[in-house]
Amino acid sequence: MNAHGIGRAILMSSGETPDNGVHGLGAANTDCEAICSAAGGRLAWMCNFDPVCPETLRERMADLKSRGAVGVGEVMINQWMDSEFLEALFASAEELDLPVICHMSPELGVSYGVCDRAGLPLLEQTLRRHPNLKYIGHSQVFWLEISADCPQSGAAARNGYGHGPVKAGGTLERLFAFCPNLYGDLSAYSAFCAITRDTEYGISFLERFQDRLMFATDMTNRRNVPPLERFLDNAAEEGKLSAAAYEKICRGNAQKLFGLICE
């Protein structure tokens, strides 16, 4: 954080138990809570849930919010987005005003994450069914949909990274335009590829949706430069990205969405 000028950051949880079997990733809610407590205000944390007992989910979520959780995620459960459990999760998060971030999978049994079909119809259904839910898009399956000619079939193709010019009129362009409760997480190589594969389109996308995009790292090491860091810095310094958009994407939007205070 110090090396990259990051004032505050948010840890993502893998679930309610230390090892919930989801891809061997992350730390449980109690671990994230303890880490943030010891970090002197530099870190906030999101809570997460094991895919059990949807009837008690709201109560469990409310308890974690009372303990300081600022959102829900990264949700990595390999179920279709309209499953009973995930529907309960989205409804509870909407009621409790907790933003949700999901990793996505192209189908059941492929890698990890919440499943949707090509064109993200279940995500659109979720956004419209829960208009006050603050959903943060993330991962390859999500960001590949920035182009209108993204793969329509094949798990490997839909779970890959985009290359070459973006064809305007893609699913993400439409969803961001018509679903004001959709936000975008600009982290890792999925977002990096989406924005930089066609820099002219990428800059225009950042400008157009500057109020709902947020820089992030998705890193747990000090060795690598966050993928979009240099691109955003250079674009702002060269006057290609407006100062207003740069400030919102790098700082302001996350502060507003998660209620963070950063000196």
Worksheet item: Aromatic rings F176 and F209: how do their planes relate, parallel, tilted or perpendicular, breaks at 30° and 60°?
Response: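 F176 vs F209 ring planes: tilted.
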Over 12 foreign heavy atoms within 6.0 Å of [atom1], [X]:
| X | atom1 | answer |
| --- | --- | --- |
| E247 | CD | yes |
| K240 | NZ | no |
| E238 | CD | yes |

Practice prompt. I would like to know whether S147 and K167 meet side chain to side chain contact (heavy atoms under 4.5 Å, CB included); could you show each step before the answer?
Written response: CA-CA 5 Å; S147 183; K167 183 177 180 180; 3.7 Å; yes
For the student: nearest non-hydrogen atoms of [X] and [Y], plus distance:
| X | Y | result |
| --- | --- | --- |
| L89 | M61 | O-CE, 3.7 Å |
| Y135 | M104 | OH-SD, 3.9 Å |
| L133 | A93 | CD1-CB, 4.0 Å |
| P121 | D116 | CD-OD1, 3.4 Å |
| E229 | F215 | N-CE1, 3.9 Å |
| P54 | E84 | CG-OE2, 3.8 Å |

Worksheet item: Is there a donor in the side chain of H130 and an acceptor in the side chain of E87, or the other way round, less than 3.5 Å apart?
Response: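 E87 and H130 do have a side-chain donor-acceptor pair below 3.5 Å.
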Fill in: Donor + acceptor pair across side chains of N48, S14 (<3.5 Å)
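No pair is found: no donor N or O on one side chain lies under 3.5 Å from an acceptor on the other.
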Between the main-chain N or O of [Y] and the side-chain N or O of [X], is there a donor-acceptor pair closer than 3.5 Å?
| X | Y | value |
| --- | --- | --- |
| R67 | T30 | no |
| E207 | I203 | no |
| W45 | D31 | no |
| R117 | L122 | no |
| S105 | V110 | yes |
| E16 | D50 | yes |
| N78 | G113 | yes |
| N132 | E94 | no |
| R8 | L260 | no |
| S66 | D63 | yes |

[Y] side chain reached by [X] side chain, heavy atoms, under 4.5 Å:
| X | Y | value |
| --- | --- | --- |
| Q140 | H103 | yes |
| L57 | F85 | yes |
| T217 | S187 | no |
| L257 | V70 | no |
| E33 | L64 | no |
| E200 | V166 | no |
| Y183 | N253 | no |
| D218 | D185 | no |

Cluster overlap [X] with [Y], hydrophobic side-chain contacts below 4.5 Å:
| X | Y | result |
| --- | --- | --- |
| L228 | Y161 | yes |
| F178 | L213 | no |
| L144 | I195 | no |
| M81 | V52 | no |

Measuring from [X]:[atom1] to [Y]:[atom2], what's the distance to the nearest 0.5 Å?
| X | Y | atom1 | atom2 | result |
| --- | --- | --- | --- | --- |
| L186 | M214 | CG | CE | 8.0 Å |
| C102 | M76 | SG | CE | 10.5 Å |
| S190 | H138 | OG | NE2 | 6.0 Å |
| F49 | L86 | CZ | CG | 12.0 Å |
| N234 | T199 | CG | OG1 | 12.0 Å |
| R60 | N29 | CZ | CG | 10.0 Å |

Fill in: N-O pairing of R158 and E107 below 4.0 Å
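A salt bridge is absent here (no side-chain N lies under 4.0 Å from a carboxylate O).
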Practice prompt. Decide yes or no on side chain to side chain contact (heavy atoms under 4.5 Å, CB included) for E124 and T171, but give the supporting numbers first.
Written response: CA-CA 10 Å; E124 181 170 5; T171 295; over 6 Å; no
Practice prompt. Start with the C-alpha distance between Y112 and S139, add both sets of side-chain angles, then the distance that settles side chain to side chain contact (heavy atoms under 4.5 Å, CB included), and finish with yes or no.
Written response: CA-CA 11 Å; Y112 66 102; S139 73; over 6 Å; no
Practice prompt. For S204, enumerate each residue passing the side chain to side chain donor-acceptor pair (under 3.5 Å) test, keeping only those at least two apart in sequence or located in another chain.
Written response: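 Testing S204 for side chain to side chain donor-acceptor pair (under 3.5 Å), a comparison that skips the adjacent residues, returns none.
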Fill in: Test log, rule side chain to side chain contact (heavy atoms under 4.5 Å, CB included), inputs F231 and L241
CA-CA 10 Å; F231 178 83; L241 181 67; over 6 Å; no
